[in-house]
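Here is the structure we will look at, set down as structure tokens.
Note on naming: letters A, B, ... go to the chains in the order of the sequence lines (proteins, then strands), and numbering restarts at 1 for each one. Only heavy atoms go into these numbers, but all of them, side chains included; no hydrogens, no water, no symmetry mates. Bear in mind the structure is a predicted one, so any value in this text is a computation, not a measurement.
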Amino acid sequence: MAKEYDFKTVEKKWQNYWYDNKLFEVKEDADKPKFYGLIEFPYPSGAGLHVGHIRAFSSIEVIARKKRLEGFNVLFPIGFDAFGLPTENFAMQTKQHPRIVTDRNIIKFISQLKKVGYSFDWSRVIDTTDPDYYRWTQWIFLQLFKRGLAYKSNTFVNFCPVCKVVLANEESQNGVCDRCGAEVIQKEKDVWFLKIRDYSEKLLEGLNEVDFPEKIKVEQQNWIGRSTGAELIFKVRTKKGDYPLTVYTTRPDTIYGVTFLVVSPEHPLLAEHKESITNLAEIEAYQAQAKTKREFDRVHMAKDKTGVKVEGIYAVNPITGTRIPVFTADYVMMDYGTGAIMAVPAHDQRDWDFAKKFGLPIIEVISGGDVTVEAYAAKDGGTMVNSPLINGLPVKEAIAKMIGIMEARGIGKSKVDYKMKDWAFNRQRYWGEPIPIINCPKCGQVPVPEDQLPLRLPDLEDFSPSDDASSPLSKCKDWVNTTCPVCGGPATRETDTMPQWAGSSWYFLRYMSPHCDTAIVDPQAYKYWGQVDWYNGGMEHVTRHLIYSRFWNRFLYDIGVVGYPEPYKRRSAQGLILGSDGEKMSKSRGNTVNPDDIVDTYGADVLRTYILFIGDYEKPAPWNPDGIKGCARFLNRVWNLQDLVVEDCNTCDLNLDALIKKVGDDYENVKFNTAIAYLMTALNTIYARGKTTISEINTLLLLLNPVAPHLTSELFELLNKGGKIEKQRFPVYDPAKLVSDTVEIPVQIMGKLRAKITIPLNSTQDEAMAEIEKAGLLEGKTVLKVVFVPNKIINLVVR
RNA sequence: GCCGUUAUGGCGGAACAGGCAGACGCAAGGGACUUAAAAUCCCUCGAUCGAAAGAUCAUGUCGGUUCGAGCCCGACUAACGGCACCA
């Protein structure tokens, strides 16, 4: 009998062996093919590692170990995305410096990750809060700034009047402050933006060349929100003369149905033509009200349209010459299109609602709906009516023709627009990268010279937010007051810091040469490692991190710093691990699972096996404490295979080639659950037979090694005179052995399974029928029709 | 409202490309071993009828295509995720 498997000793032994011998530390090696596997680096929260992390990391871990066995030079790095609010808040509460908190958390994470036996290259650990790292984050910002892609602009921020602090969007969900529950108000402030909109088209195009799950592509496409339409110019008659008001529309075909125009309350028309407006007081009251209205309200009041008619001015329809009234209403946004729309109530539900409320005419210009009941959008059908120049045309043709007419007359042009907004790139917080800009009264915004980077965070005593919506850094006068690098005169530093998404937008580049101090990435290292071959992470990052980092990489490509426009070749996404109650894990629900507990009770291999076996990798799965036991049993049975070893075994006819193919393919296809299931089936077969050979076990161990590396390393060593499993090659199957010479096919009668017959491979229909006759399945029946799929099935239609 | 995803036993989930529904695991029941328990091993395990052989029903609902549908088509329902007064 085999010695009982002592996971504690064995796991410790192999972890020491791997880490002490630096087995996973890699260098560029031109003789080997490279594989760069990446997991989203964790935020080192005080709570430590979560089972969600285990699921997220274990996929690439399996691939990394498999690729190593296949002879690849594998880069599988880890680091920490350590700037951010939770640490800062925790630091404030406990009156410790965030640096201390961060370092402590990182140490904890590293020890937890090592206990799981992950094959990370520990020589490349990066930390976004390390000045040697954020020096380069700041450097990238400066490149963006120098090319006009970073700019400061006035906008509204979420402000909690109780805590007196600017809140990030994620801290003010539903218009309520996360910490005190007070209603958040909008406060005007100058903030930095990155012109990600300039990259809309490139980010869309790039999706064509990457291997991402379709739903990720669709989500990014929707986020970018490309629409093709037209900009049309309506003349607005004012006391100062005609004001050319440009509206954006995707439906220029409906121009004959325009019965009013609507401008956003922030539209410059209103500010520039006050003297023409006869109900100015009313307009200004409405503007003031719209300003204080929170984003949240705007959305939830969607059905109850508000607005005011702008008296004293009117617009002229450029096609018909008709006079039409101008309104201002907050259902028109200043930051999309031109902030002004032509309203066609007959064919747009929002305009319809507004027209009903204000008693405005509704003119049908596309037949096919009943516009007295609701708007008829007619996206796919309908023909134009009441539209002299385009009557009778289907919608699509009408759009094209009308754009042509407008372009010819100089009153409009086709125009592509995007919903994606520029990236608001600052926070009024301490624990982030300082923005390396100096404000000089004479020279304006001056970049910190690159040789002065990193611009270090000053070591503040009090890093709590200020109550005037400015950053904590503004309190540090020694740091704020500086001299202008251009004119040498007195100047002040930018006091806002970068958002959390900054450091994570380029970290995959840093891993290639984490200690390079002359560039963000060493060109030789980049030349070798290039793109990330496979990147796994959460769906929640698809429209933030995943799009931001694609943007930065694309920018770096455009300025010649990197050689590939897309950073990630392939992306996969793990599903959420839910609590055993089927609900999202949370401390308040008390349904969380600490991976440390599982490692202590069952061992790292069991945890790894279970998290991969739990279900479809890409779908959410509830944690089941009993399920872990099954995986523990499985691994135990693998260990005990040593008791079944015989020298010669003529009945050991397990089809290993089929198993190798199945398991290997499943790993690559993110189907870890079925890969493990097939290994279990093979094991059951061996146990039923009662004997096995060392060579058979070795194959199984190699297949299982990426999932359960400790146990398989130990058993391999034991059975192979001290041999090391990592020196082996991942098994290769012989395609010729995947097919046998006979095949069992089902016999259906009238579509229902009635019997099974075993016939030689590639038998003809007649041979199959002969076999069925022999079995006496057709007595008293007349065969009307035979459907025969060679080697698959035979179905008989009988009477 | 728009976009997307999903729906299979008591549970998690399998089913390659329209061809044996329920692999694998859990739970449950029965048995062996044990003084006993744990561990381990063996058997049963979708529902209904039947002593059995077997038959019928069954992949969210209702229709359709097909020799054959969990899978394809049409119309729904529910849950989850994303976006949202986007012109």
Side-chain angles (χ1 to χ4, degrees), chain A residues 4 213-223 225 227 229-230 247-251 254 262 264 298-306 329-333 335-344 348-351 353-354 417-421 539-540 542-543 575-576 578 580 582 584 609-610 613-616 618-631 633-634 636-637 640 662 665-666 669 671 673-684 687-688 744-756 784-789 791-798:
Chain A
E4 194 169 332
E214 201 52 36
K215 67 172 175 176
I216 291 183
K217 290 189 182 184
V218 169
E219 218 171 277
Q220 290 207 342
Q221 280 160 359
N222 289 346
W223 179 261
S227 71
V247 302
Y248 179 69
T249 179
T250 54
R251 299 298 298 275
T254 60
V262 187
S264 148
R298 276 199 163 196
V299 174
H300 283 75
M301 288 165 62
K303 288 202 181 70
D304 188 21
K305 301 262 180 301
T306 63
D330 63 6
Y331 81 89
V332 174
M333 308 290 150
D335 58 9
Y336 184 75
T338 60
I341 62 155
M342 58 178 223
V344 186
D348 181 288
Q349 192 59 42
R350 295 174 308 249
D351 298 344
D353 293 342
F354 194 83
D417 208 348
Y418 305 91
K419 287 181 194 167
M420 181 166 65
K421 297 181 175 119
M539 283 305 290
E540 68 276 20
V542 166
T543 56
L576 222 53
L578 306 171
S580 48
K584 205 169 167 172
T609 307
Y610 175 64
F613 184 64
I614 195 168
D616 185 334
E618 314 220 289
K619 292 198 194 116
W623 183 266
N624 175 7
D626 286 324
I628 301 157
K629 288 191 222 156
C631 291
R633 262 175 225 153
F634 163 63
N636 223 9
R637 275 155 68 86
N640 290 328
K662 178 69 188 165
D665 288 355
D666 278 2
N669 294 326
K671 297 200 169 285
N673 55 336
T674 47
I676 294 168
Y678 273 82
L679 289 167
M680 288 171 167
T681 307
L683 196 74
N684 291 345
Y687 269 89
E744 186 189 57
I745 66 166
V747 178
Q748 290 184 347
I749 293 174
M750 305 297 287
K752 288 196 189 300
L753 178 71
R754 282 295 177 269
K756 291 175 193 178
L784 299 179
K785 183 173 178 185
V786 179
V787 179
F788 178 69
V789 184
N791 303 323
K792 277 276 187 191
I793 198 165
I794 185 161
N795 188 16
L796 309 173
V797 183
V798 299

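- OP1 or OP2 of rU5(B) has not a single side-chain nitrogen or oxygen of Lys215(A) nearer than 4.0 Å.
- Place Ala688(A) and Val789(A) on RNA chain B by their nearest nucleotides, and Val789(A) ends up nearer the 5' end.
- Atom CD of Glu4(A) is separated from atom C1' of rU40(B) by 11 Å (rounded to the nearest Å).
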Nucleic acid footprint by protein, nucleotides 9-14 of chain B - heavy-atom cut-off 4.0 Å, B for base, S for sugar-phosphate alone = ---BSS
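- Between Asn636(A) and Thr250(A), the residue whose closest nucleotide on RNA chain B is further toward the 5' end is Asn636(A).
- Going from atom CG of Asp348(A) over to atom OG1 of Thr254(A) covers 8.5 Å, rounded to the nearest 0.5 Å.
- Taking the C1' atom of each, rU48(B) and rG31(B) are spaced 28 Å apart, rounded to whole Å.
- Checked against side chain to side chain contact (heavy atoms under 4.5 Å, CB included), Asp666(A) has the following partners two or more places apart in sequence or in another chain: Lys662(A), Lys671(A), Thr674(A), Ala675(A).
- In Tyr678(A), the OH atom is not crowded: 12 or fewer heavy atoms of neighbouring residues, nucleotides or ligands sit closer than 6.0 Å.
- Nucleotides rG68(B) and rG19(B) are separated by 15 Å at their P atoms, to the nearest Å.
- Remark: Thr543(A) engages Glu219(A), Trp223(A) in a side chain to side chain contact (heavy atoms under 4.5 Å, CB included) (not counting sequence neighbours).
- To the nearest whole angstrom, the two C1' atoms, one in rG29(B) and one in rG46(B), are 16 Å apart.
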Side-chain donor/acceptor pairs under 3.5 Å, residues 621-629 of chain A, sequence neighbours excluded:
{"from": "Asn624(A)", "atom 1": "OD1", "to": "Asp626(A)", "atom 2": "N", "distance (Å)": "3.0"}
{"from": "Asp626(A)", "atom 1": "OD1", "to": "Lys629(A)", "atom 2": "NZ", "distance (Å)": "3.0"}

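- Taking atom CZ of residue Phe634(A) and atom C1' of nucleotide rC24(B), one finds them 10 Å apart after rounding to whole Å.
- The separation between Asp335(A) atom CG and rC85(B) atom P is 9 Å, rounded to whole Å.
- Between Met420(A) atom CE and rA84(B) atom P the separation is 13 Å, expressed in whole Å.
- If you measure from atom CD of Glu219(A) to atom P of rC80(B), you get 17 Å, rounded to the nearest angstrom.
- In this structure, Ile676(A) CD1 and Phe634(A) CZ are separated by 7.0 Å, a value rounded to the nearest 0.5 Å.
- Here the nucleotide nearest the side chain of Thr249(A), chosen from rC85(B), rA87(B), rC83(B), is rA87(B).
- Between the CG atom of Asp351(A) and the C1' atom of rC85(B) there is a distance of 10 Å, rounded to whole Å.
- Counting any heavy atom pair closer than 4.0 Å across all strands shown, Asn684(A) reaches sugar-phosphate atoms only and no base atom.
- With sequence neighbours excluded, the residues that form a salt bridge (Lys or Arg N to Asp or Glu O under 4.0 Å) with Lys619(A) are Asp616(A).
- Candidate nucleotides rC3(B), rC24(B), rC85(B) were compared by shortest atom distance to the side chain of Asn222(A), and rC3(B) ranks first.
- Comparing rU56(B) with rA69(B), their P atoms sit 15 Å apart, to the nearest whole Å.
- The side chain of Tyr336(A) contributes an N or O atom lying less than 4.0 Å from OP1 or OP2 of rA87(B).
- Between the CG atom of Leu679(A) and the CZ atom of Phe613(A) there is a distance of 10.5 Å, given to the nearest 0.5 Å.
- Closest to the side chain of Met333(A), from the set rC24(B), rC85(B), rC83(B), is rC85(B).
- With a glycosidic angle no further than 90° from 0, rG9(B) counts as syn.
- For Asp348(A) and rA84(B), the CG to P distance is 18 Å, given to the nearest whole Å.
- In the set rA27(B), rC67(B), rC20(B), rC67(B) carries the atom at the smallest distance from any side-chain atom of Val787(A).
- Base engagement by Asn795(A) is indicated by at least one non-hydrogen atom pair under 4.0 Å involving a base atom.
- Rounded to whole Å, the separation between the P atoms of rC11(B) and rC16(B) comes to 23 Å.
- Two residues are said to be in side-chain contact when any heavy atoms from C-beta on lie closer than 4.5 Å; Glu4(A) and Asn636(A) fail this criterion.
- For the pair Lys305(A) and Phe354(A), the NZ or CZ position fails the cation-pi test of under 6.0 Å to the six-membered ring centre and within 45 degrees of the ring normal.
- The phosphate of rC24(B) has neither OP1 nor OP2 within less than 4.0 Å of any side-chain N or O from Arg633(A).
- Distance check on atom C1': rG18(B) versus rG9(B) gives 24 Å, rounded to whole Å.
- The same atom, C1', is picked in rC57(B) and in rU6(B); the two are 26 Å apart, to the nearest Å.
- Within 3.5 Å, a donor on the side chain of Lys305(A) pairs with an acceptor on the base of rC85(B), or the reverse.
- For the C1' atoms, the distance linking rA23(B) with rA84(B) amounts to 43 Å, nearest Å.
- Heavy atoms of Val218(A) sit under 4.0 angstrom from primed sugar atoms or phosphate atoms, though from no base atom.
- Here the straight-line distance linking atom CE of Met333(A) with atom NZ of Lys421(A) works out to 8.0 Å at 0.5 Å rounding.
- Computed from coordinates, the Lys629(A) NZ to rG25(B) P distance equals 16 Å when rounded to whole Å.
- The residue Gln748(A) sits close to a base: some heavy atom pair falls under 4.0 Å.
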task = Let me have RNA chain B in dot-bracket notation, would you? Count Watson-Crick plus G-U wobble pairs, both distances under 3.5 Å, and use [ ] for pairs crossing earlier ones and | for inter-strand partners.
result = (((((((..(((......[....))).(((((.......))))).((((....))))..(((((..]....))))))))))))....
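- For the atom pair CE (Met420(A)) and CD (Gln220(A)), the distance works out to 9.5 Å, reported to the nearest 0.5 Å.
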